[in-house]
Amino acid sequence: MLEKSIAALLEEGRKNTGEEVRVRGWVRSFRSNRFVALNDGSALDSIQAVIDRERVDLQTLRGVTTAAALMVSGTIVESRGREQDIEIRVRELAVLGRADLRALEQTILQPKSHSLERLREQAHLRLRTHTFGAVFRIRHATSFATHRFFHENGFFYLHTPIITGADAEGAGALFNVSTLDKKNAPLTRGGEVDYRRDFFGRETHLSVSGQLEAESGALALGKVYTFGPCFRAENSNTSRHLAEFWMVEPEMAFCDLVGDMDWAERFIKYVIRYVRDNCQRDLAFLDARQARAQSKKPARAGSEMGLLQRLDFVLENDFERVSYTEAIEILKRSQPNKQKRFQYTIDGWGADLQGEHERYLVEVHYSAPVIVFDYPARIKAFYMRLNDDGKTVRAMDILFPEVGEIAGGSQREERFEPLLRRMAEFGIDPRELDWYLDTRKFGSVVHSGFGLGLERLLMFVTGMGNIRDVIPFPRTPKNAAF
Ligand code: ATP
Ligand code: MN
C-alpha cells in the first residue's frame with residue numbers, strides 16, 4: 001500500500017486512480033457525517049476522504065471531529081465534486097488523536113477566519129490555519145534557497161556564536177547573559193557588578209550580529225555567510241522589529257561596495273525566484289488573501305499591485321542605486337517635503353533617513369527597490385570604509401516597498417590606522433576588539449558584506465503586514481510566553 005504525503009497525492013492527481021493508499025493527518029472539516037477534509041501540513045490543500053458508514057463503527061465515527069488526527073486507508077477515485085480531482089474512498093479508519101470537544105468549542109475552530117492578533121495567543125491553532133501553514137512553508141523554502149544560493153556560489157556557512165563579549169557593534173540594545181545571583185551579585189570596590197566573577201569572567205550578551213566574526217572568517221575562507229538568530233532589545237513596538245530575528249550575513253574578501261550590492265541583488269532575486277517557482281499554491285493563496293484585505297482598505301499609492309505582481313516586478317527590474325547625497329536632493333525637492341507633510345523635514349545634508357523618506361524614494365519616486373549608498377560617516381557604524389571625501393562611508397541600505405529597509409551592508413574599513421581612528425571617534429576601547437583589529441595586521445584586504453533580516457524579506461514575499469506573523473514564535477517586548 002502506498003503511504004504518501006497529501007501534497008504528493010494531490011500533485012500526482014488522477015495518476016494514482018485505483019491505487020490503495022494510506023494517509024495520516026488532521027481533520028480540517030467534517031460534513032454530512034461522511035466527507036472529511038484531511039490535511040497533513042505538507043500542502044495548503046486537504047484531501048477529501050469519503051467515509052463509508054457501513055465500514056466504520058459508531059464509536060470510531062464519534063472521534064471524527066474537527067482537529068482530530070486520523071489515519072485512513074482506501075482507494076483513490078476520481079472525485080465527482082468540482083473542488084478536487086481525486087478523493088479517497090475510505091475502507092479503514094483509525095482515530096489517532098481525539099480532539100477535546102469542550103476545548104474546541106472554546107477556541108471556536110473552523111471555518112471562521114480568526115484575526116491574526118488573536119491567533120498569536122493560540123499557538124496550536126495558529127500553525128494549523130491556512131495562512132500560517134502557507135507562511136511557514138514559504139519560510140522554509142526561503143531558508144533552503146538561502147543555503148542553496150550561497151553553496152552554489154562557493155560560500156561557506158560559518159556558525160558565529162550566539163553568546164558574545166564584543167559589545168562595541170552598536171547595532172542595538174543588548175540582552176545580557178549572566179549566571180550571577182541577581183540578589184547577591186559580587187561587587188567591585190566601586191560598587192558595580194563584578195563580571196570577572198561571572199561565568200565567562202567578563203560581561204557577555206546575546207549577539208546582535210555575526211558580522212565581526214564573519215569578517216575574520218572571510219579573511220581566511222574567502223567567502224562565508226552566517227545565518228542565525230540575532231537579538232536586539234529594541235523597545236520600540238513596531239510592526240517591523242522583533243527582539244529575536246534571523247539574519248543572513250554574507251561576507252566576501254576581495255569585494256568592494258559595488259560587488260556587495262551585486263551580490264545582495266542577486267541573492268534577493270534568487271530567493272524570490274525560488275519561492276515563486278516552488279511555492280506556487282501557497283503564494284496564490286496569500287495573493288488572494290491580500291487582495292481581499294486590500295479591497296477593504298482605501299486605495300493608496302503603490303498598493304494597486306497584487307502580491308505576485310510585486311514579486312515579478314522585483315525579479316524583472318534592476319534595483320535603483322542612488323547615493324545618499326542624491327537621495328537628499330530628491331527628498332528636499334519632493335512635494336511632501338515642500339508642503340511639510342513629512343514628520344521630519346529634510347533641510348540639509350547629514351540627517352538619517354526616516355521610514356517616511358525611505359518609503360517616498362521607493363514607493364513614489366522610483367517605484368522600485370532602491371539601494372542608497374555612501375552615507376554620512378557620523379550616522380553609520382565604526383567599521384565602514386571611509387571615503388576619500390573624509391565625511392562619507394561606503395555603506396548601503398536596501399529599501400523595499402511596504403517593508404522599508406530589508407538589508408544593510410558596507411565595504412569594511414580594511415586599513416588599521418583609519419579603523420583605529422574611527423573607533424576612537426565612537427569611544428570604543430581598542431582592547432575590547434583586539435582580536436578584530438588583528439585581522440587588519442596580517443594581510444588585510446578589501447572586503448564587504450551585508451545583513452539581511454530574514455523576516456523582513458518574508459514580509460515582502462508573503463505580503464504579511466506585521467513581522468510577528470512571519471516567525472513561528474515571535475519575541476517582542478512583554479511577550480515571550482511561548
Ligand atoms: P532598522 O533601521 O530597520 O531598525 P537597522 O539599521 O538597525 O534596522 P541593521 O543593523 O542594519 O538594522 O541590521 C541588518 C538587517 O537586519 C536590517 O536591514 C533588517 O533587515 C534586519 N533587522 C534589524 N533589526 C531588526 C529587528 N529588530 N527585527 C527584525 N529584523 C531586523
Ligand atoms: Mn541598517
Side-chain angles (χ1 to χ4, degrees), residues 139 142 146 160 166-175 206-212 214 225-251 257 260-261 264-265 267-268 271 319 324 327 344 351-359 361-362 369-384 393-412 426 448-462 464-477 479-480:
R139 186 179 169 108
T142 303
T146 295
T160 52
D167 59 358
E169 227 250 312
L174 307 171
F175 287 105
L206 298 177
S207 174
V208 293
S209 154
Q211 181 206 314
L212 300 187
Y225 70 106
T226 75
F227 182 10
C230 292
F231 306 85
R232 297 186 187 181
E234 319 249 18
N235 234 333
S236 49
N237 232 319
T238 80
S239 58
R240 303 183 310 123
H241 291 89
L242 291 163
E244 178 177 314
F245 64 100
W246 285 66
M247 185 138 67
V248 180
E249 294 180 278
E251 190 72 35
L257 189 70
D260 199 31
M261 294 187 213
E265 185 167 343
F267 165 63
I268 293 171
V271 171
F319 295 4
Y324 167 89
Y344 298 90
D352 204 354
L353 300 183
Q354 302 296 324
E356 55 183 353
H357 308 131
E358 298 178 345
R359 293 189 73 146
L361 290 172
V362 172
V370 176
I371 308 183
V372 181
F373 61 90
D374 283 353
Y375 279 84
R378 255 187 337 101
I379 59 173
K380 289 288 178 185
F382 75 92
Y383 49 71
M384 297 181 178
V393 285
R394 301 244 76 190
M396 63 139 174
D397 275 359
I398 304 182
L399 313 176
F400 260 56
E402 308 284 330
V403 189
E405 182 184 326
I406 208 164
S410 65
Q411 184 176 320
R412 320 303 188 189
F426 281 81
S448 303
F450 62 88
L452 173 135
L454 179 73
E455 288 80 12
R456 296 267 177 96
L457 178 58
L458 279 170
M459 286 175 77
F460 180 74
V461 173
T462 62
M464 300 299 280
N466 193 314
I467 198 164
R468 294 166 179 77
D469 293 328
V470 295
I471 187 164
F473 299 96
R475 293 286 175 266
T476 49
N479 174 38

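Order of appearance sets the numbers: ligands from 1, and atoms from 1 within every ligand. Below, all heavy atoms of this structure are taken into account, side chains as well, without hydrogens, waters or symmetry copies.
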Check: Between H241 and ligand 1, which part of the residue brings a heavy atom under 4.0 Å of the ligand: side chain, backbone, both or neither?
Finding: both
Checklist line | Environment of the Mn ion (ligand 2) in terms of protein N/O/S atoms, cut-off under 2.8 Å | finding: E405 OE2
Note to self: Among residues at least two apart in sequence or on other chains, which ones pass salt bridge (Lys or Arg N to Asp or Glu O under 4.0 Å) with R139?
What the structure shows: E455
Margin query: Run the ring pair (Phe, Tyr, Trp, His ring centres under 6.0 Å) test on F400 and F460 for me, step by step, so that the C-alpha distance in whole Å, both residues' side-chain angles and the decisive distance to 0.1 Å come before the verdict.
Written below: CA-CA 8 Å; F400 260 56; F460 180 74; 4.8 Å; yes
Check: Taking the inter-plane angle between the rings of W246 and F227 on a 0 to 90° scale, is it parallel (under 30°), tilted (30 to 60°) or perpendicular (over 60°)?
Finding: perpendicular
Check: Got an N/O contact under 3.5 Å between E455 and ligand 1?
Finding: no
Checklist line | By salt bridge (Lys or Arg N to Asp or Glu O under 4.0 Å) - contacts of D397 (at least two apart) | finding: K380
Item checked: Pairs satisfying salt bridge (charged side-chain N to carboxylate O under 4.0 Å, His left out), at least one member in residues 464-475, at least two apart -> R120-D469, R126-D469
Notebook entry, point to check: atom 2 (O) of ligand 1: which of M459, R240, E405, R456 has the nearest heavy atom?
Noted result: E405
Margin query: What I want to know is whether G453 and ligand 1 share at least one N or O pair that is separated by under 3.5 angstrom.
Written below: yes
Notebook entry, point to check: Which residue from R232, E358, K380 reaches closest to atom 13 (O) of ligand 1 through any of its heavy atoms?
Noted result: R232
Notebook entry, point to check: L242 to ligand 1: N or O pair under 3.5 Å?
Noted result: yes
Item checked: Close approach, V208 and ligand 1, non-hydrogen under 4.0 angstrom -> no
Next item on the list: Give yes if a backbone or side-chain nitrogen or oxygen of I467 is under 3.5 Å from a nitrogen or oxygen of ligand 1, and no if not.
Entry: no
